[in-house]
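Here's the structure we're looking at; comments come further down.
Worth saying up front: this structure is predicted, and the values here are computed from it rather than measured. Along the sequence shown, residues carry numbers from 1.
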Amino acid sequence: MADAFELAELISSDDAVPASGWVAGVSAAFAAALVAKAAARSKGWSDSAGARAQAVDLRDRLLALAARDAQAYETALDALERREHDLGGALATAADAPLALTEAAADVALLAADATERADGASRADAAAAAALAAGAARAAAKLVAINLSTQPGDARIAAAGRAVEAAEDAARQALAAEI
């Protein structure tokens, strides 16, 4: 578990990156990994292999999106430091990565809610926890979308992020209410 301590040190450093978007993406990726684990450990789930493959794909996509978000955040910070005249444009571009994170985290929450119903025994608890983690990650990433687009209040990406959060939170409520 030493790697967890190193990761926590990296996040709590005074460096600007990694920051909340990266953490949200990695958190959602860890939630997807829990779904993959639940599927792998569920011999009675007829389509567990398909669910596992989907969870692994989401995990890998979220890790790539987390890295993309960190890069976009660094680019936006550079534009702010240089007082670039198109800071709004840089922030609008920086909203794309957290929007993709929000939507992928919602997909994890939905898959986790399904796994909560279909996985074997104790694996259902992992799936329920994954749904809750993914919903939290979706909400965090959606907040970043709203912040980045604060100068463009009518931007459709804000509403898209909100819809993804609703779907994620509905899935998490369903998963957490399931009998385990």
Side-chain angles (χ1 to χ4, degrees), residues 1-4 6-8 11 18-72 95-146 156-180:
M1 293 294 143
D3 292 341
E6 291 172 17
L7 182 59
I11 294 166
S20 55
W22 185 86
V23 171
V26 171
S27 296
F30 286 165
L34 280 173
V35 176
K37 176 187 280 299
R41 295 177 55 87
S42 295
K43 305 304 179 215
W45 181 1
S46 63
D47 191 30
S48 63
R52 177 172 166 66
Q54 187 177 0
V56 168
D57 180 62
L58 284 165
R59 178 201 67 197
D60 294 349
R61 185 164 28 125
L62 281 155
L63 290 172
L65 285 168
R68 192 173 112 201
D69 180 83
Q71 181 60 48
D96 291 337
L99 174 58
L101 284 170
T102 303
E103 293 170 338
D107 289 343
V108 172
L110 291 165
L111 184 61
D114 185 51
T116 302
E117 296 292 329
R118 302 175 74 189
D120 292 350
S123 294
R124 291 179 180 209
D126 283 339
L133 290 167
R139 179 163 289 289
K143 180 64 175 175
L144 298 175
V145 172
R157 291 174 287 181
I158 297 169
R163 287 189 299 275
V165 168
E166 275 185 38
E169 290 180 344
D170 287 347
R173 274 191 292 280
Q174 174 190 340
L176 293 170
E179 190 167 319
I180 297 183

*Is the backbone of A142 close enough, under 3.5 Å, to the side chain of T102 for a donor and an acceptor to pair up by distance?*
yes
*Does the pair V26 and L62 meet the rule for a side-chain contact (heavy atoms from CB on, under 4.5 Å), with working shown?*
CA-CA 7 Å; V26 171; L62 281 155; over 6 Å; no
*State the CD-CZ distance between Q54 and R59, to the nearest 0.5 angstrom.*
13.5 Å
*Roughly how far apart are S27 OG and L101 CG, rounded to 0.5 Å?*
10.5 Å
_Considering all heavy atoms, the nearest A112-V35 contact_ = CB-CG2, 3.6 Å
*Between A132 and L176, which heavy-atom pair has the shortest distance, and what is it?*
CB-CD1, 4.1 Å
*asked:* Does D47 form a side-chain contact (heavy atoms from CB on, under 4.5 Å) with R118? I'd like the steps, not just the answer.
replied: CA-CA 9 Å; D47 191 30; R118 302 175 74 189; 4.2 Å; yes
*Does the D126 side chain pair with the main chain of A38, one donor and one acceptor, at a distance under 3.5 Å?*
no
*Should the heavy atoms of other residues, nucleotides or ligands under 6.0 Å from CZ of R157 be counted, would the total exceed 12?*
yes
*Hey, could you give me the CD1/CG distance between I158 and L99, rounded to the nearest 0.5 Å?*
10.5 Å
*asked:* If I compare all heavy atoms of L110 with all of A167, which pair ends up nearest, and what's the gap?
replied: CD2-O, 4.1 Å
*Could you walk me through whether R68 and D96 pass side-chain contact (heavy atoms from CB on, under 4.5 Å), step by step?*
CA-CA 9 Å; R68 192 173 112 201; D96 291 337; 4.0 Å; yes
*Between atom CG of L65 and atom CH2 of W22, what is the distance when rounded to the nearest 0.5 Å?*
13.5 Å
*Taking all atoms of both residues into account, what is the closest heavy-atom pair of A109 and A171, and its distance?*
O-CB, 3.5 Å
*asked:* With a 3.5 Å distance limit and no angle check, can you tell me whether R124 reaches the backbone of E117 through a side-chain donor-acceptor pair?
replied: yes
*List the atom of R61, the atom of A104, and the distance in Å for their closest heavy-atom pair.*
NH1-CB, 4.2 Å
_Quick check for you: to the nearest 0.5 Å, what is the distance between K43 atom NZ and S48 atom OG?_
7.0 Å
*Taking every non-hydrogen atom, the tightest pair across A128 and A175*: CB-O, 3.7 Å
